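Values below: every heavy atom of this structure, side chains too, minus hydrogens, waters and symmetry copies. Lettering follows sequence order; numbering is per chain, from 1. Just so it is clear, the structure is predicted and the values come from calculations on it, not from any experiment.
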Amino acid sequence: MQERYDPAAIESQAQEHWNRARAFAVTEDAARPKYYCLSMFPYPSGRLHMGHVRNYTIGDVISRFKRMQGFNVLQPMGWDAFGLPAENAAMANGVPPAKWTHDNIAYMKRQLQSLGFAIDWEREVATCTPDYYRWNQWFFLKMLEAGIAYRKTGIVNWDPTDQTVLANEQVIDGRGWRTGAVVEKREIPMYYLRITKYAQELLDALDTLPDWPERVRTMQANWIGRSEGVRFGFPYELSGKRELLHVFTTRVDTLMGVTFVAIAAEHPLATFAAKNDPALAGFIEECKQGTAMEAELAVMEKKGMPTGLFVDHPLTGERIPVWVGNYVLMTYGDGAVMGVPAHDERDFEFANKYGLPIKQVVQQAARDAQGEPFTTDHWQEWYGAKSGNVLVNSGKYDGLDYQHAVDAIAADLKARELGDKKVQWRLRDWGISRQRYWGCPIPLIHCPKCGDVPVAVPDADLPVTLPEGLVPDGSGNPLGKTPSFYECACPTCGGPARRETDTMDTFVDSSWYFMRFASAGNDRAMVDERANYWMPVDQYIGGIEHAILHLLYSRFWTRVMHDLGLVKATEPFANLLTQGMVLNDIYSRKGADGRAEYFNPADVEVQVDSKGTRTGSVLRSDKLPVEWEGMRTMSKSKGNGVDPQKLVEAYGADSIRLFMMFKAPPEDSLEWSDDGVEGAARFMRRLWRIVYEKVGEDGRGVRTVGQIKNSELNDEQRAFRRAVHATLVKVTDDLGRRRVFNTAIAAVMELMNTLAKFTDNSTTGQVLVQEALEFIVQMLSPIVPHATHALWQALGHDDLLLDRAWPAADPAALVQDSVDIVVQVNGKLRGRVTVPAGAPEDQIREAALADPQVQKWLEGKPLRKVIVVPGKLVNVVV
RNA sequence: GGCGGCGUGGCGGAAUUGGUAGACGCAGCAGACUUAAAAUUUGCCGACGCAAGUCGUACCGGUUCGAUUCCGGUCGCCGCCACCA
C-alpha cells in the first residue's frame with residue numbers, strides 16, 4: 001500500500017470499483033429483510049450546500065450500516081425539479097427553466113457521486129419529466145372522480161411577487177413562504193384536495209408513529225387542530241325570510257352571557273350591511289387590508305363597528321346586535337363568533353371598548369361574587385378554569401357544571417333545530433392550483449359548450465405535456481400566452497375548447513416520489529407490486545422545516561393512494577430523523593453608510609488569549625477588527641457559506657463526512673469549523689499510517705484472526721482484546737439502535753489511542769492488532785467508505801468491504817475476570833477496589849470497607865448503612 | 001400569549017435505566033524532532049488551594065444512601081403555532 005494518505009486517488013478508485021460492480025443497484029428480494037432508507041430529495045438549485053451534505057451523509061451511514069447487517073437496502077435519489085427558482089433564473093438569464101434545471105441536475109449529481117453515497121442511480125427520478133408528472137395528472141383525475149379533488153372559487157392568498165396563489169401552509173406571518181412578500185386576498189377559481197376529510201385519520205395515526213420526533217407529531221396535531229364544540233345559528237329575518245347566522249363555540253355553556261355577535265369583515269352579512277353604510281364599507285375595507293404580521297395581529301387593538309343588524313338569542317329570543325370585528329377570522333368556522341365578554345378575553349376587551357354589556361354567567365362554585373365590579377382580574381379567575389365552576393344568571397341551567405351545561409344547552413339547541421355538537425378543524429383543504437409555468441399541468445379542459453365544469457383529459461391523452469422551450473417574462477403565466485398549448489378540442493363534444501393553464505403546487509410532486517422510487521421505470525402504472533415490497537420507508541431523513549407541509553401532505557397522499565387501492569401502506573414513513581441545521585460564524589463590519597458588510601469566516605483570524613479564550617477577530621487581509629455576530633445558518637446574505645465542492649477537493653469526501661458525523665448528534669445543529677475539518681483529516685491520516693505501519697509497502701495482513709483463543713492470552717492481551725470487542729458492541733449500538741454517530745466515532749478514536757499504546761510484538765500480539773484494525777476499518781466503513789475500502793484490501797482481503805457482514809463480538813473476549821468498584825462515603829468518591837467479576841455482595845462490601853483509602857474516611861464513625869450496586873459501586877453511609 | 005424543547009470547561013459535545021461529571025475532539029500551554037517552518041509526537045488543560053482537600057452541570061428549594069438525570073419554582077435561550085372562538 002501507499003505510505004501517503006491520498007484521498008483524491010483513493011476515493012476515485014473506490015468509486016470506480018463500486019460503479020463497475022453496480023454495487024448499489026438493488027432488486028426486490030422477498031427472501032431478505034428490506035430496508036428503505038430515504039433522504040429528502042433536493043431541489044436542483046445549482047450546487048449542493050452543506051445542509052445537503054449532512055442530510056445525505058446521515059442517510060448513507062445508516063444505509064451502509066444496514067447493508068452490512070444483512071438488509072436488502074434501497075437508497076434512491078431524485079430531484080424535486082419543478083418550482084419557481086427555475087423561472088426566476090430563466091428570467092434573469094433568458095434560458096428556459098428546463099435547460100437550467102437539467103444542467104443543475106447534471107452538476108449536482110456529479111457532486112453527490114463525488115461524496116461516495118451508496119445510491120441506486122438506476123431509480124433516479126426528476127419530477128419535471130413527463131414520465132413522472134403524468135402520474136400526478138392521472139392520480140389527480142382519480143381523485144376528481146372520487147370526490148377528493150374539487151373545484152371551488154374562493155378567497156386565496158395571492159403572492160404579488162411570484163404572481164401566484166399560496167396554500168395556507170405557505171403563508172408564514174402573513175407573507176409568502178418563499179418571497180417574504182405581504183400576501184393579498186383574491187378571489188380565484190381553483191382546485192382543492194379534500195385533506196380535511198382525512199383530518200381525524202391523520203390525527204389519530206400520529207399515535208402509530210412512535211419513532212417520529214415528539215415535536216413533529218405535536219406540530220402536526222396542532223396544525224390539524226381539532227376542537228370539540230357546538231355549531232348553531234342565531235335566527236334573524238331578512239326581507240321576510242327566516243335566516244340563521246351560524247357560529248361555532250367551544251364554550252356553549254356561556255351562551256346565556258351572549259351580549260353581541262361579531263362577524264368577520266369578509267362575512268356576507270357584513271357585505272350586505274355595508275351596501276347602504278359607507279362608514280361600515282370603509283371599515284370593512286380597512287380590515288381587509290389589515291396588518292400582515294400575525295404576531296402583531298394577536299396583540300392588535302380590537303376594533304369593530306355595528307352593522308345595524310340584530311339577531312335573536314337562540315334560547316331567550318333577546319335582541320342581540322351584530323358587529324363587524326377585526327379579530328374574527330373568516331377562514332375558521334363560519335366567520336362569526338358569539339360575544340361573551342364575561343368569559344372570553346377578546347370579547348371582554350371588545351365590549352369594554354364599545355360599551356357593550358358584560359353579563360357574568362359562570363362562577364366558582366364555592367364563591368359568591370355577585371355584585372363585585374367586573375375587572376380583568378375577575379375575568380382571569382372566572383374564565384380560567386372550566387372545572388370547579390358552575391353556571392349562574394342562566395335560568396334553568398343555573399348550578400350546572402361545564403360538561404352538564406354544554407350537554408343541556410346543546411340538546412336544547414338541537415331540539416329547536418338551531419344547531420348541534422360539532423368537531424371543528426383548524427386544517428383546511430389543500431389548494432393546489434398555481435398560476436405558474438414551471439409545474440405539472442392540471443389535466444382539464446374548459447369547454448364553452450359543455451358548461452362551466454371542466455372536462456377531464458381522457459387517460460389515453462395523458463400526459464398533458466408541458467412545453468419546455470418557454471421563457472417567462474414576469475407578467476403571469478406564459479402558458480396562457482401559448483395557443484399551441486391551450487387550444488384544444490373538447491373530449492366530450494369535440495368543439496373548440498381551452499386547456500387549463502394552471503399548474504400544480506410542487507408539494508404535489510413530493511407527496512409520493514418515495515413510492516415512485518419503489519416502482520421505478522414502470523410506464524404503464526403509477527406504482528406496482530414493488531411499492532408494496534419497499535413501503536413504508538423505514539428511515540426518512542430531512543430538515544425540520546418540513547415538519548408540517550411536506551410530511552402532512554405525504555401522509556395524506558399515501559392514505560388516498562391506499563384508499564383507491566394502489567398501495568397497502570397507510571403511512572409513508574415509519575421512522576423520521578430530522579437533522580439539525582449547519583451553522584457558521586457571522587462576521588461583519590459597519591461601513592461608513594451604516595450598512596453592515598459581511599465577511600466569510602475563512603477570511604477572518606480569531607484572536608485568543610493564552611488560555612484559548614476568544615478575545616477578538618480581525619480580517620486576514622487588512623488586520624482590522626471585525627465584529628462576531630454569533631452563529632447562524634449558512635446564507636448568501638451573511639456571507640458565511642461553505643462550498644462542499646472546494647472542501648472535497650481540499651480534504652477528500654471521507655474527512656468531510658467524518659467531521660459532519662463527529663461534530664454533533666444528527667438532530668442537533670452543527671457548528672461549522674475549519675479547524676474541526678482539519679482534525680478529521682488528521683484522524684484519517686493517522687488511521688492510514690497506523691495500518692501502513694502494520695502491513696508495510698506491499699504487506700498483507702496477518703490473516704489468522706479466526707484462530708484467537710481468549711484463554712491463551714496474557715492479561716495485557718486479554719485487556720486489549722476486551723477493549724476491541726467492547727468498542728464493537730458500543731459502536732453497533734450507537735449506529736443501530738441509538739443512531740448517534742458522534743459517540744460511535746469517539747469510541748473508535750478511543751480504541752485507536754489504546755491501539756497506539758499496545759506495543760506487544762509477539763505473534764499473538766500482531767494477530768490481535770490485525771483483528772483490532774479489521775474491526776476499526778469495518779466500524780468506520782459506513783462513515784468513511786473510501787479509505788476503509790482501500791485499507792480493507794491492504795489488510796489482506798479480496799472481498800468488497802461494503803458487502804462484508806458486520807462483525808460480531810466474541811462473547812469470550814467480553815468476559816471480565818475482575819471489575820473495578822467505586823467506593824463512596826456519604827455519596828462522595830473515596831476509593832476504588834478490584835473484586836472478582838460476579839462476586840457476591842458480601843464480598844464486595846468487605847473489600848470496600850477494608851480499603852485503606854476508605855478506612856481513612858470511616859475511622860471513629862458508626863456505620864449506618866452500606867449500599868452495594870453489584871459491578872458498579874459501594875456507598876457507605878456513616 | 002399558547003404548546004414543545006434546551007441550559008454541563010475557552011468551544012463542540014459525553015455521561016444510554018438515579019450510581020466515578022467533563023469521554024472524544026477543537027482551541028490553548030509546555031516539551032521532543034527539525035537549520036527553520038509545516039507535518040508528526042509526548043505531557044498538561046473546570047474553579048479555588050502549596051497541599052490534604054473544598055466547590056462545581058443556569059438559579060432556588062425538594063425527594064433519595066446517592067441527582068447533570070426525578071419533582072416544584074425562578075431566570076435565560078431556541079423552535080413551532082398564534083385573535084382558531
Side-chain angles (χ1 to χ4, degrees), chain A residues 172-173 213-223 225 227 229 247-252 254 262 293-300 302 325-329 331-340 344-347 349-350 424-427 544-545 547-548 606 608-615 631 659 662-665 668-680 682-683 685-686 689 730 733-734 737-738 740 742-750 752-753 756 820-832 856 864-867 869 871-878:
Chain A
I172 295 150
D173 292 340
E214 180 69 36
R215 61 176 179 148
V216 173
R217 285 187 289 156
T218 307
M219 280 160 73
Q220 292 220 346
N222 290 343
W223 189 266
S227 310
V247 299
F248 173 78
T249 179
T250 55
R251 292 300 306 273
V252 82
T254 64
M293 303 299 286
E294 303 270 2
E296 286 166 27
L297 275 177
V299 293
M300 204 169 75
K302 307 278 174 288
N326 67 343
Y327 67 101
V328 183
L329 302 173
T331 45
Y332 186 76
D334 294 280
V337 297
M338 66 182 203
V340 187
D344 182 281
E345 194 171 11
R346 293 156 304 186
D347 298 345
E349 196 189 318
F350 193 79
Q424 180 68 44
W425 302 91
R426 186 187 173 284
L427 183 70
I544 185 72
E545 66 272 20
I548 298 173
V606 176
V608 294
D609 63 17
S610 65
K611 285 185 159 185
T613 308
R614 131 190 247 137
T615 54
M631 301 196 98
F659 166 73
F662 178 62
K663 181 75 174 176
D668 290 9
S669 55
L670 183 152
E671 299 184 356
W672 187 261
S673 106
D674 289 337
D675 286 331
V677 181
E678 195 63 60
R682 193 177 307 147
F683 176 83
R685 288 195 291 269
R686 190 164 172 233
R689 196 175 52 247
K730 177 175 172 52
D733 190 44
D734 281 356
R737 179 182 65 88
R738 294 218 304 156
V740 279
N742 55 330
T743 52
I745 294 166
V748 175
M749 286 175 167
E750 227 177 321
M752 292 260 291
N753 293 340
D820 287 342
I821 302 284
V822 169
V823 186
Q824 298 179 333
V825 177
N826 287 343
K828 290 208 167 72
L829 175 67
R830 296 303 183 194
R832 286 161 211 275
K856 208 173 78 183
R864 285 183 44 201
K865 200 173 177 182
V866 180
I867 287 129
V869 183
K872 279 222 168 124
L873 65 66
V874 176
N875 190 12
V876 184
V877 187
V878 294

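R830(A) is linked by a salt bridge (Lys or Arg N to Asp or Glu O under 4.0 Å) to nothing, counting only residues two or more places apart in sequence or in another chain. Partners of S227(A) according to the side chain to side chain donor-acceptor pair (under 3.5 Å) rule, which considers only residues two or more places apart in sequence or in another chain, are Y332(A). Residues satisfying the side chain to side chain contact (heavy atoms under 4.5 Å, CB included) criterion with N742(A), sequence neighbours excluded, are P665(A), V740(A).
Ion pairing between R217(A) and E214(A) holds under the 4.0 Å rule for side-chain N and carboxylate O.
The separation between D344(A) atom CG and C83(B) atom P is 14 Å, rounded to whole Å. The distance between atom CG of D733(A) and atom P of U16(B), rounded to the nearest whole Å, is 12 Å. In this structure, CG of D674(A) is placed 17 Å from P of G12(B), rounded to the nearest angstrom. Straight-line distance from the CD atom of E349(A) to the C1' atom of C83(B): 9 Å, rounded to whole Å. Atom pair I544(A):CD1 and G79(B):P shows a separation of 12 Å (rounding to whole Å applied). Computed from coordinates, the W223(A) CH2 to G79(B) P distance equals 17 Å when rounded to whole Å. Protein atom CE of M631(A) is 16 Å distant from nucleotide atom C1' of C78(B), rounded to whole Å. Rounded to whole angstrom, the span from the CG atom of N826(A) across to the C1' atom of A67(B) amounts to 16 Å.
Listed nucleotides: C55(B), A85(B), C83(B). Nearest to the side chain of V328(A): A85(B).
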- Query: Does the pair F662(A) and V748(A) meet the rule for a side chain to side chain contact (heavy atoms under 4.5 Å, CB included), with working shown?
  - Reply: CA-CA 11 Å; F662(A) 178 62; V748(A) 175; over 6 Å; no
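Nucleic acid contact for R614(A): none, since no nucleic acid atom lies under 4.0 Å from a heavy atom of the residue. Residue R830(A) is classed as a sugar-phosphate contact, given heavy-atom separations below 4.0 Å to backbone atoms only.
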- Task: Going 5' to 3' through nucleotides 2-9 of chain B, assign each nucleotide B (protein heavy atom under 4.0 Å from a base atom), S (under 4.0 Å only from sugar-phosphate atoms) or - (no protein heavy atom that close).
- Result: -S------
- Task: Could you encode protein contacts along nucleotides 17-26 of chain B as a string, one character per nucleotide from 5' to 3', using B for base contact, S for sugar-phosphate-only contact and - for no contact, with a heavy-atom cut-off of under 4.0 Å?
- Result: --BB--BBSS
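Rounded to a whole angstrom, the distance from the P atom of A21(B) to that of G53(B) is 14 Å. When the P atom is used for both U74(B) and G4(B), the distance is 15 Å, rounded to whole Å. Spacing between A85(B) and G79(B) at atom C1', rounded to whole Å, works out to 26 Å. One C1' atom belongs to G7(B), the other to U68(B), and the distance between them is 11 Å to the nearest Å. The gap from the C1' atom of A82(B) to that of G76(B) amounts to 22 Å, rounded to the nearest Å. Nucleotides C77(B) and A58(B) are separated by 11 Å at their C1' atoms, to the nearest Å. Taking the C1' atoms as reference points, C65(B) lies 36 Å from C11(B), given to the whole Å.
Taking CZ of R832(A) as the reference point, atom CD1 of I821(A) lies at 11.5 Å (rounded to 0.5 Å).
No side-chain N or O of T615(A) forms a donor-acceptor pair with one of D609(A) less than 3.5 Å apart.
Checked by distance alone, K730(A) brings a side-chain donor or acceptor within 3.5 Å of a matching partner on the base of U16(B).
No option in V869(A), N875(A), L873(A) other than L873(A) meets the side chain to side chain contact (heavy atoms under 4.5 Å, CB included) test with V822(A).
In this structure, the side chains of Y327(A) and D347(A) come closer than 4.5 Å at one or more pairs of heavy atoms. Using a 4.5 Å heavy-atom cutoff, the side chains of M338(A) and T254(A) are in contact. Residues K730(A) and T743(A) are in side-chain contact: their nearest non-hydrogen atoms beyond the backbone lie under 4.5 Å apart. A 4.5 Å side-chain heavy-atom check between F350(A) and D344(A) finds every atom pair outside the cut-off.
Summary of the strand contacts: D347(A) and V876(A) both lie near RNA chain B, and taking for each the nucleotide with the nearest heavy atom, the more 5' one is attributed to V876(A).
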- Message: As a check on the pairing definition, encode RNA chain B in dot-bracket form, counting Watson-Crick and G-U wobble pairs whose two distances are under 3.5 Å, and using | for partners outside this strand.
- Response: (((((((..(((......[....))).(((((.......))))).(((....)))..(((((..]....))))))))))))....
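The closest donor-acceptor contact from the side chain of N826(A) to the backbone of V878(A) lies under 3.5 Å.
Base orientation at G9(B) is syn, since its O4'-C1' glycosidic dihedral falls within 90° of 0.
OP1 or OP2 of G53(B) lies within a sub-4.0 Å distance of a side-chain N or O belonging to K856(A).
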